[in-house]
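I have placed the structure first, in the form of C-alpha cells, so that the comments after it can refer back to it.
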Amino acid sequence: MISFEQSIAAAVAKTGTFLEEEVLQLLTVPQETTHGNFSLPCFALAKKLRKAPKIIAETLATEIELPQGISKVEPINGYLNFFIERSFLATSVLTQIEEKGLNYGHASSNNKTVIIDFSSPNIGKELAFHHLRSTMIGNSLSRIYKANGYRVERINHLGDWGTAFGKLIVMYLREGGSLEEEALDQLTVKELNLLYSSFSKISKENPELENEARAAFTKLEEGDSLYRKLWSAFKKATLKELMRIYSMMGVSFDHYIGESFFEDKIPAVLDELREKKLLVKSQELDVVMLNDFDLPPCLIRKSDGSTLYATRDLAAALYRKKEFQFSKCLYVVDLGQSLHFKQVFHVLKKMDYEWYQDMYHIPFGVILQQTEEGKWEKGKTRSGTASLLRDVIEAAKEKILTFINEKNPELENKEEIATQIGISALTFNDLKNRRLMDVKFDWDSALSFDGATGPYVQNAHVRLCSIMRKAAYTAKIEDVSWDTLTDDAAYELIKVLSRKGNNIAKACETDEPSTLAQYALEIAEAAHRFIHQDRVLGSAEEKSRLYLVQATQIVLENVLDLLGLFPIRQM
RNA sequence: GCCUCCAUAGCUCAGUUGGAUAGAGCAACUGCCUUCUAAGCAGUCGGUCGUGCGUUCGAAUCGCGCUGGAGGUACCA
C-alpha cells in the first residue's frame, strides 16, 4: 500500500524541482484544516533555485500531475497544500481496517527481540501506588513494541535479594515468628510490611540492629538453611499477592527472574572484571572507575564482600544478552536511578561489549499528591504516607461503583466493570502525559468522565458498541456508499483513524505510551462528534455509517489494549 | 559544588527530527436531551510559550548564559 506521502513525493519529484526524499522529509500535516491534508513548505530550496518560495509553490502547482486520491493542490504563501479527496480517503482507510482488523496500523515482524524490564518490586513489601508507573508504562510499551513487529520478553526483575532480607529475618525471629511449615505458608505480605516498619522504628533507638541485619544478610548469602527457608517463605507470600494484583490489572510477565537468581553468577562477573583489569580497590571496596566518562565510580563490592545493586544488574545484563540475544533492552525505572544505569552501561562498554548501546534506561517521573496546604508532594514509604496500590484500586472501584449505581443501576457485573473502569482510569491518568513529567494525582480529575480521562475514552468505546448491539447486524464493506462518509464529522473521524500506524510507530520510537493516550482521546472525541452529528440507526445512510462505527470501534479497542486499558463494551 | 530532568492560559497538560493565526481538558459563563449511554455535543472567556542573547528565510521547538522548581551525587535499591 503506497501512502499519500509517498505518492505526493513521487509526483513532486517528477516535476524535477525536489528530490523524492526531500519532499518526504519536508512534508507536514498542517494544523489548519483549510490548509489541506499535507503541506510542502518551499522555503528550503529558495536559495538554491534563486526564486521566491511563493513562485516555487505556484510553479509547482501548475506543473504537478495530481496523484490518485488528491483532489487539488493550492499554493499559499510559499506552501503547496494538498487536499485529499474525501471519499478516496474513506475507501483507503476503511479497506485497510477491513483487511487488518485489530492489527490495522501494526508493523510486520522484524525478527528483533526487545527485553522490557518493568514493575520489579521488592519482595516483602506491598505494592505501593507509585509502583503503578513502572508497571503500566512497561505493560503498555510491551504491547506497543509487539505491535511494531518486535518479539517481546517481559521481565520482572524482583528485588528478592539484599540487606532488606536481613532486616526481615532479624525482625521475624525477634518477634518470635513461628518456624513451622504451616505457619510460614500462611504468611502474608501485610505481616511482612509490618516487620519492616517495626524494624525502622526499633532501629532508630537501637542502631546496632542495622549491623545485625547486615550480618543476617551475609549469613543468608552464605546459605544458612534456616535463613534460606525464611527467605523463600517471604518470597512466596509476596508473590501470591503480586500475582493477584497483576491479574486484576491485566498485566503479565514472561519471566520472573529476581536478583537472587544471579547470586551464583556473580563470581564469574567479578573474575571477568578483574581479568579485564577494571576492578580497583578504593576506600576499602571494589569499584570500576569511570572518570573517562565523567562519571563517579561504579561500586561493585562492599567492604565486607557482599554484592551491590550494580553488580547484580551487570550479571543480569550479561545473562540476558546470552539468553535472549536482544537487539534492545529497556529498563522502565524511575528517573532517580539514571546515574546508576549510566554507570552500569558504561561498565559494559569498558568490558568491550558493543551492545552496551542497546541498553536503554526508560525513566519516568514520580506520583505526587496534594497536601492540605495545596503543595504537591511525593508519598514516602518510610513515613507511611504512601498509599498501597490495592487500597487505591479499591477506592477507585468504589467511586466508580457509586457512579454506576446512579446512572445505570441495571448493569450486570457491576463490581467487575467498576474495577476495570477504576484501574483503567488510574492507568490512563498515569500514561496520558509524557513519562518524564511527574504525575499530579487528583481523585476527581483522574476518575471524572469528562475531559482527558480513562472513563471518557472507555465511554466512547461503549457508545460505539451500544450502537452496534442495537443494530443487531454487521454492516458489510460492500454495502458502504463512500459518498455518504464525506461530511465533516465522518471525514474528520476517518482522518483520525488514518493516523493509527504513525502514532504506534512514534510511540515505539520514543518509548512514549502518552502518544497513544493522546491519540485515544482524539479518536474518542472524533467518534463522539460523529455519532452526535450523524444519526446512525434509522437514517438513510445507516449501512455506511454503521460500518464506520464498526471500524472506529476496532481501532479504538486496539488502542485501548495497547495502553493496557480494558476495552469494555458496556458501562 | 557537580550532574540530570522540568518551566506553555487561573489549574492540569498537548505541541519539541525548526514551518502558516501556539492547541486541548478542567474551572467560570451560554446554548442543545420524546431520538443509537447528556457518562455527550456546540460555543464564550482566557497567552510577554520562565528570562536574555544567538543561529535561521522562519524558533515554544536548536545553541549559550541566567532565574525558579524537582531529583541524583561511595558501601540502600
Side-chain angles (χ1 to χ4, degrees), chain A residues 25-26 28 30-32 34-35 39-44 46-47 52-53 76-79 81 120 122 159 161-164 167 214 259 282-287 294-304 306-310 312-313 333-340 342 363 365-366 368 376 378 400 403-404 406-408 421 429 432-434 436-440 442 444-445 448-453 455-456 458-460 462-471 489 509-510 514-515 517-518 521-522 524-525 528-533 535-539 542 545-546 549 570-571:
Chain A
Q25 223 186 1
L26 288 170
T28 58
Q31 290 177 2
E32 285 284 321
T34 57
H35 290 147
S39 185
L40 179 67
C42 303
F43 307 93
K47 249 184 204 165
I76 313 173
N77 298 328
Y79 290 87
N81 295 332
S120 307
N122 288 328
W161 208 239
T163 325
K167 294 185 186 178
R214 265 191 285 271
E259 296 189 295
S282 169
Q283 298 177 24
E284 300 285 298
L285 57 160
D286 293 316
V287 305
D294 272 328
L295 292 170
C298 183
L299 311 190
I300 300 294
R301 224 155 64 117
K302 299 193 217 174
S303 43
D304 68 357
S306 56
T307 61
L308 280 148
Y309 182 35
R312 282 168 244 149
D313 264 356
V333 181
D334 71 274
L335 179 62
Q337 295 187 45
S338 47
L339 177 60
H340 162 76
K342 235 184 242 172
V366 297
L368 304 175
W376 290 102
K378 188 177 160 185
I400 298 290
F403 206 84
I404 291 178
E406 206 178 287
K407 292 283 182 181
N408 190 5
I421 298 175
N429 187 65
K432 72 174 171 182
N433 297 137
R434 285 174 310 175
L436 280 169
M437 303 290 278
D438 288 341
V439 174
K440 291 171 180 157
D442 166 64
D444 292 334
S445 52
S448 164
F449 285 80
D450 299 322
T453 67
Y456 173 82
Q458 280 174 314
N459 180 231
V462 163
R463 289 182 68 187
L464 295 170
C465 289
S466 175
I467 294 173
M468 287 160 61
R469 202 167 40 244
K470 295 225 160 109
E509 277 159 28
T510 54
S514 67
T515 303
Q518 298 292 334
L521 285 172
E522 274 181 55
E525 274 163 31
H528 273 137
R529 211 170 296 144
F530 171 66
I531 60 179
H532 182 260
Q533 263 170 46
R535 171 83 201 174
V536 179
L537 302 180
S539 70
E542 178 173 310
R545 288 180 178 170
L546 182 60
V549 164
Q570 254 180 306
M571 65 197 258

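Chain naming here is simple, since letters A, B, ... match the order of the sequence lines and numbering starts at 1 in each.
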>> Would you say that Tyr456(A) contacts Glu525(A) through its side chain, given a criterion of any heavy-atom pair below 4.5 Å between the two side chains?
In response: yes
>> Base, sugar-phosphate or nothing for Arg434(A)? Non-hydrogen atoms, less than 4.0 Å.
In response: base
>> Partner lookup for A39(B), please. Criteria are Watson-Crick or G-U wobble with both distances under 3.5 angstrom; report none if nothing qualifies.
In response: none
> Using centres under 5.5 Å plus planes under 30 degrees as the test, is His528(A) stacked with G40(B)?
Replying inline: no
> For Arg545(A), which contact category applies under a 4.0 Å heavy-atom criterion: base, sugar-phosphate, or nothing?
Replying inline: nothing
>> Given the structure, check if the side chain of Asn81(A) and the base of A20(B) hold any donor-acceptor pair shorter than 3.5 Å.
In response: yes
> What nucleic acid atoms does Trp376(A) come within less than 4.0 Å of, heavy atoms only: base, sugar-phosphate, or nothing?
Replying inline: sugar-phosphate
> Can you tell me how far P of A7(B) sits from CG of Leu436(A), to the nearest Å?
Replying inline: 10 Å
> Paired with A7(B) by Watson-Crick or G-U wobble geometry, both distances under 3.5 Å: which nucleotide is it?
Replying inline: U67(B)
>> Please classify the nucleic acid contact of Met571(A) as base, sugar-phosphate, or nothing, using heavy-atom distances under 4.0 Å.
In response: base
> Expressed in whole Å, how much space separates the P atoms belonging to G15(B) and U8(B)?
Replying inline: 14 Å
> Counting any heavy atom closer than 4.0 Å, what does Gln25(A) reach on the DNA or RNA strands: base, sugar-phosphate only, or nothing?
Replying inline: nothing
> Would you say A42(B) has OP1 or OP2 under 4.0 Å from some side-chain N or O of Arg529(A)?
Replying inline: yes
> With both distances kept under 3.5 Å, what pairs with U12(B), Watson-Crick or G-U wobble?
Replying inline: A24(B)
>> Using a 4.0 Å heavy-atom cut-off, does Asn433(A) contact any base of the nucleic acid, only the sugar-phosphate backbone, or nothing at all?
In response: sugar-phosphate
> Taking atom types as modelled and ignoring hydrogens, do the side chains of Ser514(A) and Asn433(A) form a donor-acceptor contact shorter than 3.5 angstrom?
Replying inline: no
Could you list all N or O pairs between the protein and nucleotides 26-35 of chain B that sit under 3.5 Å apart?
| unit_1 | atom_1 | unit_2 | atom_2 | d |
| --- | --- | --- | --- | --- |
| U35(B) | O2' | Arg535(A) | NH1 | 2.6 |
| U35(B) | O2' | Arg535(A) | NH2 | 3.3 |

>> Aromatic contact between Tyr309(A) and His340(A), with the criterion being ring centroids under 6.0 Å apart: yes or no?
In response: yes
> So, Phe43(A) and G19(B): ring centres less than 5.5 Å apart, planes less than 30° off, yes or no?
Replying inline: yes
> Do Ile531(A) and Ile467(A) touch side chain to side chain, with heavy atoms closer than 4.5 Å?
Replying inline: yes
> Does Ser514(A) get its side chain close enough to the base of A14(B), under 3.5 Å, for a donor-acceptor pair?
Replying inline: no
> Separation of Glu525(A) atom CD from C41(B) atom P, in whole Å?
Replying inline: 7 Å
What does the list of N/O pairs under 3.5 Å between the protein and nucleotides 67-75 of chain B look like, with a distance for each?
| unit_1 | atom_1 | unit_2 | atom_2 | d |
| --- | --- | --- | --- | --- |
| A74(B) | N1 | Ser282(A) | OG | 2.9 |
| C75(B) | O2 | Ser303(A) | N | 2.9 |
| C75(B) | O2 | Ser303(A) | OG | 3.3 |
| C75(B) | N3 | Ser303(A) | OG | 3.1 |
| C75(B) | N4 | Gln283(A) | O | 2.9 |

> Tell me, do Arg434(A) and Leu436(A) make a side-chain contact under 4.5 Å, heavy atoms counted?
Replying inline: no
> Taking atom types as modelled and ignoring hydrogens, do the side chains of Arg312(A) and Thr307(A) form a donor-acceptor contact shorter than 3.5 angstrom?
Replying inline: yes
> Do we see Phe403(A) stacking on the base of A39(B), given a limit of 5.5 Å between centres and 30° between planes?
Replying inline: no
